[in-house]
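Side chains included, hydrogens not; waters and symmetry mates left out as well; all remaining heavy atoms used.
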Amino acid sequence: MRILLIASSYNSLTQRVRAELRDRGHTVPVEITPDTPAVREAVGRHRPDLVVAPLLRAVVPKDVWTAYHCLIVHPGPVGDRGPSSLDWAVQEGAGEWGVTVLQADEEMDAGDVWATAAFHLPETGKSDLYRNELADAAVAAVHLAVERVAAGEAPVPQTGPAGTRPPCRQENRRIVWEEDTTERVVRTLRAADSQPGVRDRLLGGEWFLHGGHPEDVLRGRPGELLATRAGAVCRATADGAVWIPEIRARTAPGEARACKLPATLALAGRLPLLPEVPAPPPVAGVRTWSDIRYREQGPVGVLSFTFPGGAMSTAHCRRLLDAWRTACTRPTSVLVLGGQRDFFSNGIHLNVIEAAADPAAESWANINAMNDLVEAVAGTTDRLVVSAIGGNAAAGGVMLALAADEVWCRSGSVLNPHYRRMGLYGSEYWTYTLPRKVGADMAVRLTDEARPVSAAAALGMGLADRVVDCAPGAFTEEITRSAARLASHPAARTRIAAKKAEYERREARTPLASYREQELSRMRRTFCDPGAPYHALRRAFARKEAPRAGSPDGPGAGATAPADC
């Protein structure tokens, strides 16, 4: 079928639905439709067999949904209605939730039901949940709905109780630090982690707080800042404390939206003298936060990392490189990079770059720090290296993964192995690793077409070496077991020796440094050219400027890297 996707932004769910429908042989154009006229125009121009809206804030007009099957993906179970379904579910601590695929109707979320799927809500942030458990359920429901449409079946009218919840606004998200427990504060922060954040007053200013993680050891006067760690701040609650990784300044109407930044960077110049508290070794039952962790299980080392939004600043890259070098001193035969649920990496940190006094200089520092990390991974020849992608990856994040000997993806992962949508040529040794993995012709196609790739498609084209079919929360355990089997395989030592010999032959023939030099010469020209599209695209992405109507595949397509939600 020709299935038109209409969406308010080219977000992670829209990309995944598109990629998986294409895997099933459907033709799947996408149109960004920020308002009702754009919806009508897009449908009239494509005249599809079916319309699917994975994320749509605009109203589908009656003349469209009476002429076409228009399927709306609602992030709530049957009977749940309103624009903030997932926010309320996370904030109120719902244990089970669902996704419903509805026929568009005059009343929002009240249409007949084409398909529904239930899922368990783990204790995690809204955006992580949206990209993982909810996305798994949504894709399953969309596939079922498409099959029912193709079979000529009819949707089922909604029955039973229904309730329309109001939007979850800042007054509903307010934190009273003197009274609220850690559990309540964490739920409130997690329900707004990527967007819109929780508005609060801190150090004489107004801010939006993004993300929250419980801390069981540090204590202080409620509302007081207690410590910093890796860019995050720890703030006391009524009975404990929470770590807040990111903060965004509140700006006045008419002013440019501030960038969401690591908390200590956003608060620079205001922070009192606070201790930088390193992450303690893991202790059963004791909760704390760290964005980089290393653990060992026999001959397997796992270096996991989780950076908000998958963005890696210069500081993130340097800290992860230090951790990598330390992990390489351990007596393991297999070293896993990643292995966490959710984002692997999306490459350089566009928000930190946009907020820098000299964005061109920060762009240059960031891309070189990414390259140093990729070089270290690619140059590790005394053990087997596995990149374990539990969620999504894009741009330099994909190329970081390709520096390993094998790439393992969770079945729900979506990869965007390209840079074009940000107006960049790219680096991270992609001109070597990508053609080596998929062939020269496919490398050109992937980077030119700039379309999302599902885990199954990545496996088929050689971009990935294994797909792990499991729930998001089971990924870490699954890849650890698989890495242990890899380490115990009789051929492991032979592979390591062959890998080292091949690396030395390649360096003698065409050193990796030559690929880096060629890539960076083009990147430097872009960074130093004030008129290069990269600067406007970066600003639009970092400042969350409204997307333009139209196809994300068209000329001049804007900043459409995987969104938080």
R451 and H418, any side-chain heavy atoms less than 4.5 Å apart: no
Heavy-atom check, side chain of M422 versus side chain of L350, under 4.5 Å: yes
Atom pair CD1 (I496) and CG (L384), whose distance is rounded to the nearest 0.5 Å: 4.5 Å
Distance, nearest 0.5 Å, that separates OG of S387 from CG of L337: 5.0 Å
All salt bridge (charged side-chain N to carboxylate O under 4.0 Å, His left out) counterparts of E502, not counting sequence neighbours: R505
R57 and D35 ion-paired at < 4.0 Å: no
Check: C409 main-chain N/O paired with S413 side-chain donor or acceptor under 3.5 Å: no
With Y503 via side chain to side chain donor-acceptor pair (under 3.5 Å) - residues at least two apart: none
For T431, side chain to side chain donor-acceptor pair (under 3.5 Å) partners two or more places apart: E519
N132 side chain near R410 side chain, heavy-atom distance below 4.5 Å: yes
For Q297, side chain to side chain donor-acceptor pair (under 3.5 Å) partners two or more places apart: none
Gap between atom NZ of K260 and atom NE2 of H210 - 0.5 Å precision: 5.5 Å
Heavy atoms from other residues, nucleotides or ligands near CG of D448 exceed 12 (cutoff 6.0 Å): yes
Y432 ring center near Y515 ring center (under 6.0 Å): yes
Any pair counted as salt bridge (Lys or Arg N to Asp or Glu O under 4.0 Å), so long as it reaches residues 7-17, sequence neighbours left out: R16-E20, R16-D136
Pairing residues for T124 by the side chain to side chain donor-acceptor pair (under 3.5 Å) criterion, not counting sequence neighbours: D128
Donor-acceptor contact below 3.5 Å, side chain Q158 vs main chain G111: yes
Rounded distance [0.5 Å steps], CG in L373 versus SG in C317: 6.0 Å
Under 3.5 Å donor-acceptor, H316 side chain and D291 backbone: no
R543: salt bridge (charged side-chain N to carboxylate O under 4.0 Å, His left out) partners, not counting sequence neighbours: E354
Close side-chain approach of L4 and Y68, heavy atoms under 4.5 Å: no
Lys/Arg-Asp/Glu bridge criterion (N-O < 4.0 Å) met for D553, R18: yes
Student check: side-chain heavy atoms of P155 and R148 closer than 4.5 Å: no
Full working for side-chain contact (heavy atoms from CB on, under 4.5 Å) between V146 and M1: CA-CA 9 Å; V146 169; M1 283 197 289; 3.4 Å; yes
Test salt bridge (charged side-chain N to carboxylate O under 4.0 Å, His left out) applied to R81 - qualifying residues, sequence neighbours left out: E107
Side-chain heavy-atom pair N392, R131 within 4.5 angstrom cut-off: yes
By salt bridge (charged side-chain N to carboxylate O under 4.0 Å, His left out) - contacts of D23 (at least two apart): none
Using residues 394-405 as the side-chain source, report each donor-acceptor pair under 3.5 Å to any protein atom, sequence neighbours left out, with the distance given to one decimal.
residue	atom	partner	partner atom	Å
D405	OD1	K499	NZ	3.4
D405	OD2	V385	N	2.7
D405	OD2	K499	NZ	2.7

is_close_aromatic(Y425, W430), centroid dist under 6.0 Å: yes
Pairwise salt bridge (Lys or Arg N to Asp or Glu O under 4.0 Å) hits with a residue in residues 460-475, at least two apart: K437-D465
W114: ring pair (Phe, Tyr, Trp, His ring centres under 6.0 Å) partners, not counting sequence neighbours: H69
Between D80 and S85: side-chain donor-acceptor atoms closer than 3.5 Å: yes
Under 3.5 Å: donor-acceptor pair, side chain of T14, backbone of Y10: no
Ionic contact status for E31 with R45, cut-off 4.0 Å: yes
